[in-house]
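Have a look at the structure below, then the notes.
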Amino acid sequence: MENKELTLWDLCLRFFQWFGNALKLLVSLFGKSLQLCYRHLFVSIAAVLIVVGFFIFDARPSNKWYKAEGVMLLNGPQAELAREVLKPVEKAFSPDISPVQNYSSLLGISEDVAEEHKSFKTHFVIDCLNDSTADFIDYDNSSSMTDTLRMRMTDRLAFTFQTRDPQLASVFADSVRAYLCRDPRVKASFCAYETDLRRESLLLNRQIHLLDSLTDEFYFHQGIYPNLQYTGNPNNLLIGRREIKLFYNDLFKLVSDASRVDNRLSFCTAPAVALGEVAVSPKAVNGLFSNAIYGLLLGFLLALLLSACIEFAKPVFAWLAGK
């Protein structure tokens with residue numbers, strides 16, 4: 001028995017052959033499905049019209065849903081802790097389903113505001129260069145803690161939700177941040193973080209003042225006399241050369257560190273603060289065109305299912321009756 005080695009060309013031929021057979025099978029199944037629906041044309045047309053009509057009704061102007069998103073700066077709590085605290089908000093139900101676990105009861109907002117929002121989700125913010133600058137938001141939550149190229153920022157957390165009234169999006173986002181700030185673990189992390197920041201700011205500014213005073217003393221108050229050496233012999237008077245060391249680099253580093261800490265301290269007013277306004281997409285999630293396409297596809301599947309039930313109902317009943 002001979003072993004024939006497969007070349008790359010043979011593999012490509014086999015792949016295209018398999019792809020062609022699969023395409024023929026799909027076309028054949030689609031043709032048979034059309035034939036089945038045509039044999040029960042009135043039922044198929046009714047099913048498609050009902051489903052398409054439902055999706056078009058769902059896309060009416062008063063029921064448009066828009067995607068909103070924002071980013072929070074976390075002062076103290078880590079992003080993992082914030083996501084854990086916000087899990088109940090992600091799993092909240094509609095007010096007409098559960099009177100306990102819904103946006104109104106969890107966030108302390110009115111039912112009118114709660115009914116205008118749904119699908120709240122949290123996402124990690126990714127820093128690719130590890131330079132404390134946000135590069136993108138991981139909407140699919142596919143990043144890993146061990147990934148060195150897509151590092152999660154621990155002090156930022158993004159969130160998305162859908163709103164039916166863009167003017168109320170900021171109200172809903174503020175209520176989510178307030179819910180996060182009420183958690184005892186989050187408040188404890190914030191208090192410890194704020195204390196450390198204030199202590200670090202005080203230390204840096206004190207060191208800047210001391211180094212600046214040392215610089216003034218060294219530059220202006222020290223003469224050349226400390227560099228004179230006299231041994232008692234008039235012939236042994238040694239005058240040394242004075243070298244002045246500049247403290248600019250040390251001062252600049254301290255000022256830069258103090259500016260960074262003071263800037264972070266200026267945002268440290270709550271465990272979670274907003275980084276900018278909530279952005280609302282002008283394009284509706286349930287647009288008329290996209291809903292019509294979904295309606296046609298689902299309507300065709302429903303028509304196919306009903307036609308198959310009608311087609312095979314009599315043989316199945318006959319088999320069940322043992323005839």
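Count residues from 1 along the sequence.
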Do Asp262 and Ser259 have side-chain atoms, one donor and one acceptor, less than 3.5 Å apart? no

Do the side chains of Arg199 and Asp196 get close enough for a salt bridge, i.e. N-O under 4.0 angstrom? yes

A cation-pi test, strictly: NZ or CZ of Lys67 under 6.0 Å from the centre of the six-membered ring of Tyr139 and no more than 45 degrees from its axis. Yes or no? yes

Looking only at side chains, do Ser110 and Ser104 share a donor and an acceptor under 3.5 Å apart? no

Answer yes or no: is there a donor N or O on one side and an acceptor on the other, between the side chain of Asp257 and the main chain of Leu204, under 3.5 Å? no

Do His117 and Arg164 touch side chain to side chain, with heavy atoms closer than 4.5 Å? no

Note: Lys187 and Cys181 closest approach over all heavy atoms is CG-O, 3.0 Å

Verify the ring-centre separation between Phe172 and Tyr103: is it less than 6.0 angstrom? yes

Determine, for Asp155 against Arg264, whether the closest basic-nitrogen to carboxylate-oxygen distance falls under 4.0 angstrom. yes

Hydrogens and angles aside, do Ser170 and Glu277 bring a side-chain donor and acceptor to less than 3.5 Å of each other? no

Neighbour count above 12 (heavy atom, 6.0 Å) for Tyr193 OH: yes

Take atom CZ in Arg206; do more than 12 heavy atoms of anything else shown fall under 6.0 Å from it? no

